Amino acid sequence: MAYRNLEISHRDAVRNITVNRPDKLNALNRETLNELTLAFNQAAQDDAVRVVVLAGAGDKAFVAGADIAEMNGYTPVQAQGFSRAGQRLMSTIERLGKPVIARIQGFALGGGMELAMACHLRVASEKAKFGQPEINLGLIPGFGGTQRLLRLAGRAAALELCLLGAPIDAQRAYELGLVNRVVAPETLDETVAAMANQLANAAPLAAAGILDAVLQGGETGIDQGLEFETQAFALAFSTEDMREGTSAFLEKRKAAFVGR
C-alpha cells in the first residue's frame with residue numbers, strides 16, 4: 001500500500017522502513033504512528049521478511065520527537081489516546097518476533113529515542129544525539145521512555161535523562177547501553193547492512209525464540225525466565241532450522257579435523 005509518511009523498500013529478506021518527514025525532522029504525528037504500526041504488522045505477517053531496518057529520512061534526524069505542533073492542542077483525553085497509540089507502536093516493534101535494527105544518523109529525541117529503544121538493536125553514527133527532553137515542555141515521556149530507559153540503562157540513567165532533559169552524544173549512549181554500536185557517519189549504512197544480512201541469514205525460528213526469551217522471559221523472575229528459556233529451547237528441536245544448522249556445523253567441524 002502507499003504511505004504518506006513512510007518509504008518502504010526491500011532487499012532480499014530485509015525490509016527497510018523509513019520515516020519520511022524530513023521537513024519536520026521526521027517528527028511523529030498521529031498519522032505516522034498509525035502508518036508505522038500498520039507497516040510493522042505487515043512485516044510480521046510476511047514470511048519473506050526476516051529482519052527490519054528502521055530509519056529516518058535525511059541527514060539531520062532519525063526521529064526528532066513527537067509532533068509538538070499537533071500535540072500542542074490536545075486535551076488530556078486526546079493526549080491519553082496519543083500516548084496509547086505510541087505505546088502500541090513500540091510494543092508492536094518490540095514483540096515483532098523478527099529482529100529490528102534502528103539506523104540512527106542524527107537526532108533521536110523524545111518519541112524518537114523511545115522509538116529507537118523499542119528496536120532490538122541500535123546502530124548510531126558518531127553524530128547522533130539522544131535525549132528525553134519532555135520535562136522542558138512541562139511533560140513526561142509518553143511512548144514508554146520511562147520504562148524502557150529504566151530497563152536498558154538503569155534507574156540512575158533513566159532519572160538523569162528524564163529529569164534533566166539534556167541530550168547526550170552517541171558515545172555516552174553507548175556507555176549507558178542504549179546503543180549497540182557507534183560508527184563513523186560514512187560507515188553507518190555499511191555496518192547496518194552487514195548486521196541486517198547476518199540476521200537475514202540466521203535461523204528465523206531461533207531468532208524469534210531468542211527475542212521471546214530475552215524480552216518476555218526477562219520480565220519475569222529468574223525461575224520463570226529459565227523455564228521460558230527451556231520451553232523455547234525444546235521447541236527449537238522440532239524445527240528444520242535446527243536440523244539444518246546442526247548438520248552444517250557437524251560437517252564443518254568434521255572437515256576442520258580432516259584438514260589437520
Side-chain angles (χ1 to χ4, degrees), residues 17 19 26-28 32-33 36-37 39-41 43-44 52-56 61-66 71 79-104 106-124 128-137 139-182 208 210-221 225 228:
I17 300 176
V19 181
N26 302 320
L28 299 173
T32 305
L33 291 178
L36 280 167
T37 302
F40 274 98
N41 280 327
V52 177
V53 173
L54 178 61
F62 170 69
V63 167
M71 200 170 58
Q80 183 182 65
F82 188 56
S83 173
R84 286 178 173 162
Q87 290 185 4
R88 183 166 55 248
L89 166 62
M90 308 311 166
S91 294
T92 297
I93 294 171
E94 193 170 60
R95 300 170 187 171
L96 195 71
K98 301 175 182 184
V100 181
I101 304 169
R103 173 198 177 277
I104 306 163
F107 294 113
L109 304 175
M113 183 166 172
E114 291 167 309
L115 185 62
M117 289 192 293
C119 299
H120 306 121
L121 297 169
R122 289 162 290 279
V123 182
K129 299 289 184 182
F130 298 82
Q132 297 288 170
E134 288 87 352
I135 194 169
N136 299 320
L137 302 174
L139 297 171
I140 75 167
F143 294 166
T146 60
Q147 301 308 300
R148 289 192 176 88
L149 252 176
L150 176 64
R151 286 160 172 77
L152 283 170
R155 180 176 295 182
L159 289 172
E160 176 187 343
L161 287 168
C162 292
L163 287 174
L164 298 182
I168 59 174
D169 62 20
Q171 183 59 36
R172 178 62 175 152
Y174 175 79
E175 292 166 357
L176 291 174
L178 296 174
V179 298
N180 299 92
R181 298 183 189 176
V182 177
I210 290 168
L211 291 171
D212 282 346
V214 172
L215 297 171
Q216 296 187 46
E219 292 298 310
T220 67
F228 199 105

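Note that the structure is predicted; figures quoted are calculated from it, not measured. FYI, the numbering just counts along the sequence from 1.
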Notebook entry, point to check: Minimum heavy-atom separation for Glu134 to Pro141, with atom names?
Noted result: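 So the minimum-distance heavy-atom pair works out to OE1-CG, 3.6 Å.
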Margin query: Please find the pair of heavy atoms, one from Gly110 and one from Pro133, that lie closest to each other, and give the distance.
Written below: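 Scanning both residues, the minimum pair turns out to be N-CD, 3.5 Å.
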Ignoring hydrogens and angles, tell me if any N or O in the side chain of [X] forms a donor-acceptor pair with the backbone of [Y] under 3.5 Å.
| X | Y | answer |
| --- | --- | --- |
| Ser83 | Gly142 | yes |
| Arg122 | Ala116 | yes |
| Ser91 | Gln87 | yes |
| Glu114 | Gly145 | yes |

Would you indicate whether the side-chain heavy atoms of [Y] and [X] approach each other to under 4.5 Å?
| X | Y | result |
| --- | --- | --- |
| Phe62 | Val19 | no |
| Ile135 | Cys162 | no |
| Leu149 | Leu178 | yes |

Checklist line | Pairs satisfying side chain to side chain donor-acceptor pair (under 3.5 Å), at least one member in residues 156-174, at least two apart | finding: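 Applying side chain to side chain donor-acceptor pair (under 3.5 Å) to every pair that reaches into residues 156-174, excluding sequence neighbours, yields nothing.
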Item checked: Summary of side chain to side chain donor-acceptor pair (under 3.5 Å) pairs that have at least one residue in residues 144-155, sequence neighbours excluded ->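 Residue pairs with at least one partner in residues 144-155: Glu94-Arg148, Gln147-Arg151, Arg151-Glu219.
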Checklist line | Phe107 vs Asn26, side chain to side chain contact (heavy atoms under 4.5 Å, CB included): CA-CA, chis, key distance, verdict | finding: CA-CA 10 Å; Phe107 294 113; Asn26 302 320; over 6 Å; no
Margin query: How about CZ on Phe130, more than 12 heavy atoms from neighbouring residues, nucleotides or ligands closer than 6.0 Å, or not?
Written below: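 Above 12, so yes.
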Item checked: Worked check of side chain to side chain contact (heavy atoms under 4.5 Å, CB included) between Ile93 and Leu115 -> CA-CA 9 Å; Ile93 294 171; Leu115 185 62; 3.6 Å; yes
Next item on the list: Evaluate the side chain to side chain contact (heavy atoms under 4.5 Å, CB included) criterion for residues Leu54 and Leu36: first the C-alpha distance (whole Å), next the side-chain angles of each, then the deciding distance (0.1 Å), finally the verdict.
Entry: CA-CA 10 Å; Leu54 178 61; Leu36 280 167; 4.1 Å; yes
Margin query: Going by the rule side chain to side chain contact (heavy atoms under 4.5 Å, CB included), which residues pair with Ile140 if we only count those two or more places apart in sequence or in a different chain?
Written below: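 Not a single residue meets the side chain to side chain contact (heavy atoms under 4.5 Å, CB included) criterion with Ile140.
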Margin query: Applying side chain to side chain contact (heavy atoms under 4.5 Å, CB included) to Val214 and His120, what does each step give before you reach the verdict?
Written below: CA-CA 10 Å; Val214 172; His120 306 121; over 6 Å; no
